[in-house]
Number of protein chains: 2
Amino acid sequence: MPRTIDRDARKAQLAEAVWRIVVERGIGAVSVRTVAEQAGVVVGSLRHVFPTRAELLEFSAELAVERASARIRATPQADDPLEYAFRIVRHLLPLEPDSRAELEIWIALLAESPVVPRLAAIRDEANQQVEDLCIQVVEFLTARPRDERTLADGRRLHALVDGLAFHLLTQPRDADPAWATDLAREELTRLAAASSS
Amino acid sequence: MPRTIDRDARKAQLAEAVWRIVVERGIGAVSVRTVAEQAGVVVGSLRHVFPTRAELLEFSAELAVERASARIRATPQADDPLEYAFRIVRHLLPLEPDSRAELEIWIALLAESPVVPRLAAIRDEANQQVEDLCIQVVEFLTARPRDERTLADGRRLHALVDGLAFHLLTQPRDADPAWATDLAREELTRLAAASSS
DNA sequence: CTTTTTCTAGTACAGCCGTGCTACGAAAAG
DNA sequence: CTTTTCGTAGCACGGCTGTACTAGAAAAAG
């Protein structure tokens, strides 16, 4: 067989090109032409890997989810349960350039859902994963068995974190995010304190 | 002078056409042609009122904010402060078709921000208004003077409500939103209970 | 009536879009 | 070597885009 490229690497390269364009020029500027140029390949090569624009966007969304998920899984254990929970929650907030870009991409792709229905499914699946994670964090902090209250607390944590994430995204890149991380820490502290009751 | 139309009514008519297209086919389908057709006018007439696409989108966003704002201002007083606060917060959640559509429009227009910078300004202004509203609700519930803790509680309420709003939006239109309204009510109850401490 | 101005209707243009398609080069397999 | 296959390069097509422009209909003002 003839020369072969690393398809996975090529796909990632193109997905990252999508991300850059979304962040810099918005989802409206994402076309097969702009993405190919941004990735430094010709349109024919892009279409050799992603035959349609929809497949390109779907993969870009999935890879963004995967990257974020990997970052959370890589969270190092901490001695203090509260500190460990806080580290996980921090990964759900757009505090670093990477996670900030991922959230921008996330919102942009959501706007594209009506055109590319699978994006809605990817979003729902990722939302569910974050919700499960939040519930696990509550379980971990309170050391309670998973009951109705745990689920409610998990859902609240999820809503709070997503709301904070959104608000952080709409403030300047260099603004101080302490108010948000403080609120998150407060919530986790409150959850941990309620473990005995 | 010659025949004149009600420009404000025409603008509203066109903005509502934008909303319908955003909800049904996404922001990507919003063009001067599709909007004109949806509104039942020809492109020339649309451009007579909105010379550019950007102006059309800006007005659509502003009108959506205005409509939501008016709905909140029209909230009838209730005997119970908690009930009154709850009624206001309910208006911030996408529970009715109208408010649901507004939130979808909101997210869609955000995705256009890089192309139409003024949309970002409109978003920031509206966010600030909601934040002020949340702080006022906290003040009202706790009957405390506005101090650091009031501001933090207000920001927390804002984040929680926006997070719930987003999660409600991503669940089916006919799903039961009780879990979200219950969480909101719980939060308000907690705030009211903390008024004496 | 005529004049004046607003609004409608439609054409035209340059440009980008996704996608289909062909032609060619490079490298592994025989 | 030749053959076979993958990847690259790029052209072409129909369609949609925002915007500029003209021509005429409609109605108020004189």
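Below, chains carry the letters A, B, ... as their sequence lines are ordered, and counting in each starts from 1.
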Other residues, nucleotides and ligands only: do more than 12 of their heavy atoms fall within 6.0 Å of [atom1] on [X]?
X: Glu37(B); atom1: CD; result: no
X: Gln77(B); atom1: CD; result: yes
X: Glu125(A); atom1: CD; result: no

Donor-acceptor pair, side chain of [X] and main chain of [Y], under 3.5 angstrom:
X: Arg53(B); Y: Val30(B); value: yes
X: Ser69(B); Y: Val65(B); value: no
X: Thr34(A); Y: Ala29(A); value: yes
X: Arg25(B); Y: Pro114(A); value: no

- Task: Would you mind checking if Glu55(A) and Lys11(A) are paired as a salt bridge, meaning a charged N to carboxylate O distance below 4.0 Å?
- Result: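 No.
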Can you check the [X] [atom1] to [N] [atom2] distance for me, whole Å?
X: Phe50(A); N: dG18(C); atom1: CZ; atom2: P; result: 14 Å
X: Glu37(B); N: dG10(C); atom1: CD; atom2: C1'; result: 15 Å
X: Leu14(A); N: dG7(D); atom1: CG; atom2: P; result: 13 Å
X: Ile5(A); N: dA28(C); atom1: CD1; atom2: C1'; result: 16 Å
X: Lys11(A); N: dG7(D); atom1: NZ; atom2: C1'; result: 15 Å
X: Gln13(B); N: dT8(C); atom1: CD; atom2: P; result: 9 Å
X: Glu58(B); N: dG18(D); atom1: CD; atom2: C1'; result: 15 Å

TODO: Establish, with yes or no, whether the OP1 or OP2 oxygen of dG7(D) is under 4.0 angstrom from a side-chain nitrogen or oxygen of Arg10(A).
DONE: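 No, outside the criterion.
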Please enumerate all protein N or O atoms sitting under 3.5 Å from an N or O of nucleotides 14-17 of chain C, with distances to 0.1 Å.
residue : atom : partner  : partner atom : Å
dC17(C) : OP1  : Ser31(A) : OG           : 2.8

_DNA chain C-proximal residues of residues 39-48 of chain B, any heavy atom under 4.0 Å_ =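 Going residue by residue through residues 39-48 of chain B, the ones with a heavy atom under 4.0 Å of DNA chain C turn out to be Val42(B), Gly44(B), Ser45(B), His48(B).
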Any idea how Phe59(A) and Phe50(A) line up, ring-wise: parallel (<30°), tilted (30 to 60°), or perpendicular (>60°)?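 Aromatic pair Phe59(A)/Phe50(A) classed tilted.
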